[in-house]
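All remarks here apply to the structure that follows.
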Amino acid sequence: MKFHKMNYILFDGPSRNALLPLTFTRPVADILIGIMTIRQKWESYLGSTTTTITEEYLSEKFPMVEMEENVMINASFLPNEKLVALIQDLEPNQAIFKGEEVVAFYTQESQEEVNFDSYEIIEFNDDCITVEHTWDIFSKNGSAIQEDFAFLTEDRKSQPIPKSVNVIAPENIFIEEGAKLEFVTLNASTGPIYIGKNAEIMEGSVIRGPFALCEGSVVKMAAKIYGPTTVGPHSKIGGEVNNSVLFAYSNKGHDGFLGNSVLGEWCNIGADSNNSNLKNNYEEVKLWSYETEGFAKTGLQFCGLIMGDHSKCGINTMFNTGTVIGVSANIFGAGFPRNFVPSFSWGGASGFTTYVTKKAFQTAKLVMGRRYIEFDEVEAAILEHVFEETKKWRKE
């Protein structure tokens with residue numbers, strides 16, 4: 001029986017590069033899937049704060065606190081009761097593996113020295129959700145919403161559903177305090193609907209679960225939303241959206257279609273922009289891979305847009321099936337831009353120039369300032385690093 005409080009550290013693990021461009025600006029643990037980020041899920045289940053082992057250039061924003069005894073957890077694995085129970089029972093020099101992959105281990109040595117030959121290996125054979133590719137974030141979002149919904153709403157009472165709301169399966173709907181919604185249609189027969197604190201769904205919107213609207217977010221008037229979709233904290237969504245995940249502070253506020261997509265933080269999609277999520281020949285979608293520096297098979301027929309933090313597109317932008325856009329790119333103009341746009345690119349179908357950091361930072365300052373968040377030196381240093389690291393893909 002452990003009486004001292006354990007120190008839990010979430011590490012990026014082998015999937016970090018497969019999750020670029022989203023992990024250029026955050027550890028794997030801070031990816032949003034379902035209703036909470038992976039870190040928030042672990043902290044809720046463990047009843048403990050966590051720190052992070054990640055890339056060095058991210059460590060000032062996402063520090064690691066190392067004690068003499070630490071339990072390391074691979075952030076690609078999402079917690080569930082069975083897995084958490086195993087982790088809480090770990091003794092020094094024990095490691096949990098699922099197949100070939102390490103899930104968690106209890107260590108008393110510094111990180112450079114871990115050799116699993118000297119560990120007692122515990123096999124974890126149950127199911128759990130893993131995030132190992134960018135497309136897992138939308139394709140596994142339905143299961144993640146279900147699990148988070150069950151965890152967050154257990155033994156709690158929802159705010160009442162307003163009388164003007166058209167509702168199917170109200171027992172699958174949970175409304176946090178301060179949320180506003182009138183004259184909307186919610187169909188939770190296809191999956192749960194979670195409406196976060198101080199969020200708003202404007203009139204005329206039609207939503208099918210599974211759906212998560214996180215704290216302070218807004219669904220604009222007459223939006224059509226198909227689950228499984230998550231709108232991260234303080235984000236805005238409008239038009240037609242299908243099976244997509246928006247991280248915090250991103251906007252797709254207008255008409256136009258977004259499907260089978262993931263947008264990072266501080267993204268903005270211009271009015272009437274559309275993305276294709278199905279190829280004309282119905283073939284499997286390939287997606288740019290930062291690991292192989294080529295296009296990788298996704299195994300998916302439906303796959304839309306993956307967009308890194310701080311990227312924007314102008315009105316009427318068209319994105320091809322399976323487009324990957326890096327960090328801080330600015331896309332505009334007629335025609336389809338290529339389906340891999342490197343970070344800090346400025347332009348569109350007719351070609352790109354480099355979006356220099358000085359200009360990109362001015363925009364970031366303004367965008368974040370509107371939400372009363374400071375674009376500080378720590379943020380600037382991270383983006384400066386990403387700018388240098390992604391140089392090789394920008395054609396001057």
Side-chain angles (χ1 to χ4, degrees), residues 29-50 77-85 87-88 126-131 136-182 184-202 205-219 223 225-235 237 241 243-248:
D30 291 281
I31 284 173
L32 174 64
I33 176 172
I35 304 175
M36 299 182 275
T37 64
I38 297 171
R39 182 188 305 282
Q40 288 167 334
K41 298 180 209 298
W42 277 109
E43 293 186 344
S44 305
Y45 271 92
L46 294 165
S48 166
T49 55
T50 61
F77 287 82
L78 274 51
N80 59 33
E81 276 174 23
K82 282 185 176 165
L83 182 53
V84 169
I87 287 175
Q88 287 176 324
D126 285 295
D127 287 338
C128 73
I129 301 170
T130 54
V131 177
D136 289 343
I137 298 168
F138 65 79
S139 59
K140 298 180 180 180
N141 195 43
S143 317
I145 289 176
Q146 299 268 12
E147 287 192 2
D148 284 354
F149 186 89
F151 181 86
L152 285 169
T153 63
E154 194 179 4
D155 300 328
R156 292 179 62 216
K157 214 170 144 46
S158 167
Q159 299 292 312
I161 299 171
K163 286 191 170 52
S164 68
V165 173
N166 269 331
V167 60
I168 304 169
E171 66 280 4
N172 295 337
I173 294 172
F174 194 93
I175 304 172
E176 298 282 6
E177 62 180 358
K180 292 195 290 213
L181 62 158
E182 295 284 355
V184 302
T185 297
L186 302 178
N187 178 358
S189 67
T190 48
I193 293 178
Y194 174 87
I195 300 162
K197 213 172 153 180
N198 302 326
E200 180 177 11
I201 305 176
M202 294 184 183
S205 296
V206 182
I207 297 170
R208 302 190 78 158
F211 176 68
L213 185 64
C214 299
E215 182 173 348
S217 287
V218 176
V219 177
I225 300 174
Y226 301 84
T229 288
T230 295
V231 184
H234 312 288
S235 289
I237 206 162
V241 178
N243 184 204
S244 293
V245 176
L246 282 79
F247 291 4

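Keep in mind it's a predicted model, so treat the numbers as computed, not measured.
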As an exercise, state the distance from OG of S48 to CD of E43, rounded to the nearest 0.5 Å.
7.0 Å
Taking all non-hydrogen atoms of both residues, which atom of Q146 and which atom of G191 are closest, and how far apart?
NE2-CA, 4.4 Å
Find the distance between SG (C214) and CG (N198) and round it off to the nearest 0.5 Å.
13.0 Å
Taking the side chain as everything from C-beta on, heavy atoms only, tell me whether E200 gets closer than 4.5 Å to V219.
no
So, do V206 and I225 sit near enough that their side-chain heavy atoms are less than 4.5 Å apart?
no
If you measure from CG on N172 to OG on S158, what distance do you get to the nearest 0.5 Å?
11.5 Å
Using a distance-only test with no angle check, is there a side-chain donor-acceptor pair under 3.5 angstrom linking E81 and Y45?
no
If you apply the rule side chain to side chain contact (heavy atoms under 4.5 Å, CB included), what do you find for I201 with I207, and how did you get there?
CA-CA 10 Å; I201 305 176; I207 297 170; 3.9 Å; yes
Check: F77 and I87 side chains under 4.5 Å, non-hydrogen atoms
no
Check: Y226 ring centre within less than 6.0 Å of F211 ring centre:
no
Which atom of M202 lies closest to which atom of V218, heavy atoms considered
CE-CG1, 3.9 Å
Give, for atom OG1 of T190 and atom CD1 of I168, the distance between the pair rounded to the nearest 0.5 Å.
8.5 Å
Side chain to side chain contact (heavy atoms under 4.5 Å, CB included) between I137 and I31, worked out
CA-CA 8 Å; I137 298 168; I31 284 173; 3.7 Å; yes
List the steps, then state whether side chain to side chain contact (heavy atoms under 4.5 Å, CB included) holds for V131 with K140.
CA-CA 8 Å; V131 177; K140 298 180 180 180; 5.7 Å; no
What I'd like to find out is whether the side chain of R208 reaches to under 4.5 Å of the side chain of I193, using heavy atoms alone.
no
For atom CG of D126, decide whether the heavy atoms of other residues, nucleotides or ligands shown that lie under 6.0 angstrom number more than 12.
yes
Straight-line distance of N80 CG to C128 SG, nearest 0.5 Å:
6.0 Å
Is it the case that more than 12 heavy atoms not belonging to E171 sit under 6.0 Å from its CD atom?
yes
Do N187 and N166 come close enough that some side-chain heavy atom pair is under 4.5 Å?
no
Of the non-hydrogen atoms in P233 and L32, which two are nearest, and what is the gap between them?
CD-CD2, 4.4 Å
If every non-hydrogen atom of I173 is compared with every non-hydrogen atom of I175, which pair is closest and at what distance?
CG2-CG1, 4.0 Å
Can you tell me if T37 and D30 form a side-chain donor-acceptor pair at under 3.5 Å?
no
Salt bridge flag under 4.0 Å for residues E176 and R156:
yes
Examine distances only and state if a side-chain atom of S217 and a backbone atom of A199 form a donor-acceptor pair shorter than 3.5 Å.
no
Shortest non-hydrogen contact between A248 and S235, atoms and distance
C-OG, 3.4 Å
When you look at CZ of R39, are more than 12 heavy atoms from neighbouring residues, nucleotides or ligands closer to it than 6.0 Å?
yes
Main chain of D148, side chain of K41: is a donor-acceptor contact present, judged purely on distance under 3.5 Å?
no
Interatomic distance, I129 atom CD1 to E147 atom CD [nearest 0.5 angstrom]:
4.0 Å
Side chains of L181 and V165, heavy atoms from C-beta outward: is any pair under 4.5 Å?
yes
Shortest non-hydrogen separation from P79 to V84 and the atoms involved:
CB-CG2, 3.7 Å
Test side chain to side chain contact (heavy atoms under 4.5 Å, CB included) applied to I33 and T230, step by step
CA-CA 7 Å; I33 176 172; T230 295; over 6 Å; no
Name the orientation class of the two ring planes belonging to F149 and F174 (parallel below 30°, tilted from 30 to 60°, perpendicular beyond 60°).
perpendicular
